[in-house]
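Fair warning: this is a prediction, and the values are worked out from it, not measured in the lab.
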Amino acid sequence: MRILVADENEEALETLAGVLEGLGHVVTPFAVSVREAAEIIAREDPNLAIVAVHHDDEHALALIGETVEFASGPVIAQVPHGDTQFVARAAERGISAWVESSDADAVQAAIEVAVRRYREARHLADKVEQLETALQRRTLIERAKGILMERHGVDDRGAFELLREQARSTSRPVVEVAQAVLEGHALLPPRPRP
């Protein structure tokens, strides 16, 4: 994995980079400032980022916020002494995991948790987007059916059949025909009454 390491402490950056390289990961150039983090993320596109926290919580939170916003992968906070208040604030900004030490096993475990949580979150976001799109389509079709029911004096099923017949005859999706009905196009003239 390509990993961005961000910290205000250059010596800590070197230590963590050594651990990560020992685990077989590629470490991108270090980031110390928020601006540097954004530039490196844009240039290197790391798979994961680790923001280490030492003395300046606000600086670390700014780095986390910037990294979460621009990175295309999960973000881990390295928090000394298990500062639960800081971890909570970092979680609000979007970290996927946290680790307390630079122990290789602990760092690798945090990476695995972060990657899994990030994938799960992306999967859920994709699912939500699909459901929202389906709901928007359903709403559009329902509104068009209402217009057709009034215009043609048919029931719900009859209105849908009109949409479907028009869609088939014009080789267009039902949702496009429904949109055309809502826009006032006279695609579906009233059926002749017997």
Donor-acceptor contact present, side-chain [X] to main-chain [Y], <3.5 Å:
X      : Y      : answer
Arg2   : Asp45  : yes
Tyr118 : Ser72  : yes
Glu21  : Val27  : no
Arg172 : Ala167 : no

- Task: List for me each residue that meets side-chain contact (heavy atoms from CB on, under 4.5 Å) alongside His25, sequence neighbours excluded, and say none if there are none.
- Result: Met1, Ile3, Leu20, Leu23, Gln108, Ile111

- Working to the nearest 0.5 Å, report the span between CG of Leu4 and CD of Glu36. 10.0 Å

- Message: Between Glu92 and Arg89 (salt bridge meaning N to carboxylate O under 4.0 Å), is one present in this structure?
- Response: no

- Using a cut-off of 6.0 Å, state whether more than 12 heavy atoms not belonging to Glu183 lie near its atom CD. yes

Shortest non-hydrogen contact from [X] to [Y]?
X      : Y      : answer
Ala114 : Pro74  : O-CB, 3.6 Å
Val107 : Val99  : N-CG2, 4.0 Å
Ser102 : Gln78  : OG-NE2, 2.8 Å
Val177 : Leu163 : CG1-CD2, 3.8 Å

- Query: Could you walk me through whether Leu182 and Ile147 pass the side-chain contact (heavy atoms from CB on, under 4.5 Å) check?
  - Reply: CA-CA 8 Å; Leu182 292 176; Ile147 290 169; 3.5 Å; yes

- Message: Show, in sequence, the C-alpha distance, side-chain angles and deciding distance for Ile41 and Thr67, and conclude whether the side-chain contact (heavy atoms from CB on, under 4.5 Å) test is met.
- Response: CA-CA 8 Å; Ile41 290 167; Thr67 305; 3.9 Å; yes

N/O donor-acceptor pairs under 3.5 Å from side chains in residues 129-144, not counting sequence neighbours:
unit_1: Thr133; atom_1: OG1; unit_2: Glu129; atom_2: O; d: 2.9
unit_1: Arg138; atom_1: NE; unit_2: Glu142; atom_2: OE2; d: 3.4
unit_1: Arg138; atom_1: NH2; unit_2: Glu142; atom_2: OE2; d: 3.2
unit_1: Thr139; atom_1: OG1; unit_2: Leu135; atom_2: O; d: 2.8
unit_1: Glu142; atom_1: OE2; unit_2: Lys145; atom_2: NZ; d: 3.0

